[in-house]
Amino acid sequence: MLTSILTALAMGLIPAFDQDPPISTAPVSDWHPFSRSATTAYLADAAQIVPTEAGTRVRVARVPLTGSDFSHEIDTFTFRCGSREIRFLSTDTYDGTGQLTDRYEETVEEWDTVNEGTNYGFLYEVVCNEKRSAQGSYPSVTAFIGQTR
């Protein structure tokens with residue numbers, strides 16, 4: 001009996017609704033607002049803070065506070081937490097529908113000092129000291145845009 005069930009599964013003879021759904025391999029995001037200017041909100045993806053050989057990598061969304069679409073940019077940085085240094089890696093640009101339209105990757109490996117009281121200083125606290133916003137978080141950048149515009 002078990003053999004015939006396994007054979008039916010392998011051949012795709014059992015309807016999909018009788019099978020377990022596939023396990024999602026998509027990364028989970030948890031976007032936390034950490035800074036704001038008069039024109040832009042800054043959010044860090046706390047679920048995707050990743051230790052690497054070069055340091056700790058983080059994605060940061062830059063979201064215009066005005067507009068009627070889902071356009072935004074996501075920058076990727078690496079931090080050296082011990083020496084309070086940051087390095088820019090790339091920018092992804094998303095259009096009004098929220099679709100990726102352009103990508104820029106930095107080719108120069110230049111590290112900058114992180115100063116307190118700046119956007120990078122606030123981001124350092126998120127990445128290196130696990131500080132989180134009391135404002136809550138959002139599952140995606142487009143969810144943040146949809147709830148705040």
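Only a predicted model underlies this, so the values are computations on that prediction, with no experimental measurement involved.
Under a cut-off of 6.0 angstrom, the local environment of OH in Y94 is crowded, with over 12 non-hydrogen atoms contributed by other residues, nucleotides or ligands. Around CD of E130, the count of heavy atoms belonging to other residues, nucleotides or ligands within 6.0 Å does not exceed 12.
Taking all atoms of both residues into account, the shortest heavy-atom contact from A47 to V28 is CB-O, 3.3 Å. Here the shortest heavy-atom pairing between A44 and L123 reads CB-CD1, 3.8 Å. Closest approach of E110 and D112 over heavy atoms only: OE2-OD1, 3.8 Å. For the pair P33 and G136, the tightest heavy-atom approach, listed with the atom from each and the gap, is CD-O, 3.4 Å.
A side-chain donor-acceptor contact under 3.5 Å links T118 to the backbone of N115. The closest donor-acceptor contact from the side chain of D75 to the backbone of T91 lies at 3.5 Å or more, if one exists at all.
Taking CZ of F77 as the reference point, atom OG1 of T56 lies at 14.5 Å (rounded to 0.5 Å). A distance of 5.5 Å separates NZ of K131 from CD of E125, quoted to the nearest 0.5 Å. Distance check: R57 CZ to R87 CZ gives 11.5 Å after rounding to the nearest 0.5 Å. The structure places CG of D95 at 9.5 Å from NE2 of H72, a figure rounded to the nearest 0.5 Å. The NE2 atom of H32 sits 9.5 Å away from the CG atom of L43 when rounded to the nearest 0.5 Å. The SG atom of C81 sits 10.0 Å away from the CD1 atom of I86 when rounded to the nearest 0.5 Å.
V126 and F88 fall within the same hydrophobic cluster, where Ile, Leu, Val, Met, Phe, Trp and Tyr residues are linked whenever their side-chain heavy atoms come under 4.5 Å apart, directly or through other members. Criterion: ILVMFWY side-chain heavy atoms under 4.5 Å apart, direct or through other members. Under it, W31 and V50 are not part of a common hydrophobic cluster. In the hydrophobic clustering of ILVMFWY residues, with side-chain heavy atoms under 4.5 Å counting as a link, V127 and Y42 come out together. Under a hydrophobic-cluster definition in which Ile, Leu, Val, Met, Phe, Trp and Tyr are linked whenever side-chain heavy atoms come within less than 4.5 Å, directly or via other members, V114 and W111 are assigned to different clusters. Linking Ile, Leu, Val, Met, Phe, Trp and Tyr residues whenever their side-chain heavy atoms come within less than 4.5 Å leaves V60 and I74 in two separate clusters.
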### Task
Given side chain to side chain contact (heavy atoms under 4.5 Å, CB included), test S90 with R103 step by step and report yes or no.
CA-CA 7 Å; S90 65; R103 179 172 179 83; 3.5 Å; yes
### Query
Checking side chain to side chain contact (heavy atoms under 4.5 Å, CB included) for the pair T101/T93: CA distance, chi angles, key distance, verdict?
CA-CA 6 Å; T101 59; T93 302; 3.9 Å; yes
### CA sep, side-chain torsions, deciding dist, call: D102, D92, side chain to side chain contact (heavy atoms under 4.5 Å, CB included)
CA-CA 6 Å; D102 194 21; D92 293 335; over 6 Å; no
### Task
Dump the intermediate steps for side-chain hydrogen bond (donor to acceptor under 3.5 Å, both in side chains) on R59 and S29, then the final yes or no.
CA-CA 10 Å; R59 297 184 314 152; S29 292; 3.3 Å; yes
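Residues L89 and T78 are in side-chain contact: their nearest non-hydrogen atoms beyond the backbone lie under 4.5 Å apart. Residues T40 and V63 are not in side-chain contact: their nearest non-hydrogen atoms beyond the backbone lie 4.5 Å or more apart.
Looking only at atom types and distance, the side chain of S83 has a donor-acceptor partner in the side chain of E85 under 3.5 Å away.
Across I145, D30, T148, a single residue satisfies side chain to side chain contact (heavy atoms under 4.5 Å, CB included) together with Y138, and that is T148.
Because its NZ or CZ atom is both nearer than 6.0 Å to the ring centre of Y124 and within 45° of the ring axis, R84 counts as a cation-pi partner of that residue.
In this structure, the ring of Y120 has its center no less than 6.0 angstrom from the ring center of F79.
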